[in-house]
Amino acid sequence: MTIISYQKEIPFVKRFFGLSFAILGLVLFITILSVMPIIFIVIGLGLNVAEGSEIDLSSKTYRTIHSLFGIKIGKWNPIPDFEYVSVFKTNDKKRSV
């Protein structure tokens with residue numbers, strides 16, 4: 001089974017705030033047993049989700065993945081017949097204005 005995998009790296013600040021929210025939510029949930037801390041946990045875990053893609057060359061399928069702490073979720077789809085494939089390198093940077 002040959003799988004080509006790509007996953008975007010989560011920036012340190014986003015990961016830090018995500019883990020902080022999740023830990024804060026867990027502590028609040030244990031201490032006050034309310035529904036509000038669950039929102040903190042969900043936001044924290046949502047900030048730690050990484051996106052990417054996988055291609056399985058042996059079964060000729062691909063999927064877009066969402067990964068949380070190494071657990072990958074995504075539906076496998078058949079690769080359509082291509083006329084040609086173009087591969088190039090680019091710098092993927094986002095800037096907030």
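Within the model, atoms NZ of Lys14 and CD of Glu9 stand 11.5 Å from one another, a figure rounded to the nearest 0.5 Å. Taken from CD1 in Ile3 to OG1 in Thr61, the straight-line distance is 7.5 Å, to the nearest 0.5 Å. Note: Ser20 OG to Ile43 CD1 = 13.0 Å, rounded to the nearest 0.5 Å. Here the straight-line distance linking atom CD1 of Ile4 with atom CG of Leu57 works out to 4.0 Å at 0.5 Å rounding.
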Enumerate, atom names and distances included, each donor-acceptor pair closer than 3.5 Å involving a side-chain atom of residues 25-32, sequence neighbours excluded.
from: Thr31; atom 1: OG1; to: Val27; atom 2: O; distance (Å): 3.0
from: Thr31; atom 1: OG1; to: Leu28; atom 2: O; distance (Å): 3.2

Review item, side-chain donor-acceptor pairs of residues 64-76, under 3.5 Å, at least two apart:
from: Lys72; atom 1: NZ; to: Glu54; atom 2: OE2; distance (Å): 3.0

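Within the structure, ring pair (Phe, Tyr, Trp, His ring centres under 6.0 Å) contacts touching residues 41-62 (residues at least two apart or in different chains) do not occur.
In this view, Ser53 satisfies the side chain to side chain donor-acceptor pair (under 3.5 Å) rule with no residue, not counting sequence neighbours. The ring-ring contact (aromatic ring centres under 6.0 Å, His included) test applied to Phe40 returns Phe21, not counting sequence neighbours.
Leu19 and Val13 are members of different hydrophobic clusters when ILVMFWY side chains are connected at heavy-atom separations under 4.5 Å. Hydrophobic clustering (ILVMFWY, side-chain heavy atoms < 4.5 Å, transitive): Phe82 and Val87 are in one cluster. Note on Val35 and Ile41: separate hydrophobic clusters, where clusters join Ile, Leu, Val, Met, Phe, Trp and Tyr whose side-chain heavy atoms are under 4.5 Å apart, directly or indirectly.
Contact detail for Ile10 and Leu47: the closest heavy-atom pair is CG2-O, 4.1 Å.
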